[in-house]
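What follows is a set of notes on a single structure, which appears directly below.
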Amino acid sequence: MDDSYAPATRSPGWITTPLTGGLVRGALDLERTARGGLLPHRLPARARARSGGDEEVAQAESQPSGVRLVFRTRATAVELDVRRTVLEYRGVPPRPDGAYDLYVDGEPAGRSTASGGDRLILDLGDGSRETVPGPVGTVRFAGLAGREKTVEVWLPYTETTELLRLRTDAPVTAVAPDGRRVWLHHGSSISQGAAADSAATAWPALAAASGGVELINLGLGGNAVLDPFTARALRDTPADLVSVKIGINIVNRDLMRLRAFGPAVHGFLDTVREGHPMTPLLVVSPVHCPMQEEVPGPAAPEIGDGKVEFQALGDPAEVALGKLNLRVVREELARIVAERAAEDPELYYLDGRELYGEADAADLPLPDGLHPGPAAHRRMGERFGAFAFGPGGPFADRV
């Protein structure tokens, strides 16, 4: 990662500040592009290489959930040129543009979107992909107070975002780390932010704000599947707190049977512990998902009335033969953590239904059958924050 910080250059009415690693938080790698921009990655290059070029991994890790620009300035206006890659499904109306959330001195101060960009069109029928190139877009914020302040711009969790140019009407300086503890979290699309209003209002971001910690979000949509390269990325990333949310992608992808699941969890945790031997480590099981509580995978998207909904396609009778549903996954995770905790006093377990359970599904149903909506993300963030960062919690500040 490029952590250098180059001097700003002036243009009429604006100051253009080079985009470097000193301005970016929440990414594990920054790729310098042919256009001279920065492409944030949430997996390091070595991990990306070990994925075998999987397009879904590349798509998820390059969608910058939890990645933000952070700087000090007196600017009253901020512009950010970006080239985004927007995911669309053939036959389904485009999703809303991804949200860029502005925070000033830690408080919400605005939201904007970018236009243009490339369109990646997926056909759920035959699996084909088509990329339609588009122009550069600009994200704008204006009317900021002219005092010295810390500005954060949270990038969208739904759009691969190449950062091209940062313009302000006053000089910008990088912000050194403030000593807050770093929380490293890995999970599925729900952790990445799916169906939340923005990356800053996804449940891990809300929980991090309540706990006063610095978030590195390795939620990888569709790809929280105990991959060894992900475990090594977690192992090698400095952090004060680590959590892994395991289960839903393994079930809805129908990737493994019970015989393989337990050893795979042990291996994943063993690898994480190689780099974080005494760090508080929290294992979180899946939230309540009615379609897969008793029915195993696979799950598949279906298009109807111009929207995507998910259906579980497995046969419950096959659970007796080792296929996984969410009930079995939770039982196995609870058993594994209890077994390991006898020799690992900093290993903890949280049943995901404590974040979003059966009663929550009745109150705030999953909009597409799989992902919690914005209100549910807020509820999950509040509950995780109270459990993990509250008095006596596994992530409580012990200083």
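Heavy-atom basis, side chains included; hydrogens, waters and symmetry copies ignored. Note that this is a predicted model, so its numbers are computed, not measured.
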Taking atom types as modelled, find out whether Tyr103 and Thr150 have a side-chain donor-acceptor pair closer than 3.5 angstrom. no
Can you tell me how the ring of Phe395 sits relative to the ring of Phe389, calling it parallel under 30°, perpendicular over 60° and tilted otherwise? tilted
Result for side-chain hydrogen bond (donor to acceptor under 3.5 Å, both in side chains) between Arg84 and one of Asp97, Thr161, Thr160 points to Asp97
Please name the pair of heavy atoms, one in His377 and one in Ile190, separated by the smallest distance, quoted to 0.1 Å. CE1-O, 3.2 Å
For Val136, what are the other residues in its hydrophobic cluster, where any two members join if their side-chain heavy atoms are less than 4.5 angstrom apart? Leu164
Going by atom types alone, do Glu159 and Gln63 pair a side-chain donor with an acceptor below 3.5 Å? no
Tell me whether Val284 shares a hydrophobic cluster with Leu269, the cluster being built from Ile, Leu, Val, Met, Phe, Trp, Tyr side chains joined at under 4.5 Å. no
Which heavy atom in His371 sits nearest to a heavy atom in Ala195, and how many Å separate them? CB-CB, 4.0 Å
Cut-off 3.5 Å, side chains only: do Glu346 and Tyr348 have a donor facing an acceptor? yes
With distance as the sole criterion, is a donor-acceptor pair present between the side chains of Thr138 and Glu79 under 3.5 Å? no
When the ring centroid of Phe384 is compared with that of Trp203, is the distance short of 6.0 Å? yes
On a heavy-atom basis, the closest approach of Leu120 and Arg129 is CD2-NH1, 3.6 Å
Please give me the minimum heavy-atom distance between Ala396 and Gly392, naming the atom from each residue. CB-N, 4.1 Å
Under the side chain to side chain donor-acceptor pair (under 3.5 Å) definition, can you give me all pairs with a residue in residues 107-122, not counting sequence neighbours? Glu88-Arg119, Asp101-Arg111, Arg111-Ser198
For Val78, which of Leu166, Val139, Leu102 qualifies under side chain to side chain contact (heavy atoms under 4.5 Å, CB included)? Leu166
Let's go through Asp169 and Thr76 carefully: what are the C-alpha distance in whole Å and the side-chain angles of both, what is the deciding distance for side-chain hydrogen bond (donor to acceptor under 3.5 Å, both in side chains) to 0.1 Å, and is it a yes or a no? CA-CA 7 Å; Asp169 60 358; Thr76 62; 2.5 Å; yes
Evaluate the side-chain contact (heavy atoms from CB on, under 4.5 Å) criterion for residues Trp183 and Glu214: first the C-alpha distance (whole Å), next the side-chain angles of each, then the deciding distance (0.1 Å), finally the verdict. CA-CA 6 Å; Trp183 171 31; Glu214 184 91 1; over 6 Å; no
Of the options Met380, Arg379, His288, which is the one that meets Pro372 in a side chain to side chain contact (heavy atoms under 4.5 Å, CB included)? Met380
Closest non-hydrogen atoms of Ala170 and Ile15, given as atom of the first, atom of the second and distance, are C-CD1, 3.5 Å
For a quick test of reading the model, state the closest non-hydrogen atom pair linking Ala75 to Leu144 and the distance between them. O-CB, 3.6 Å
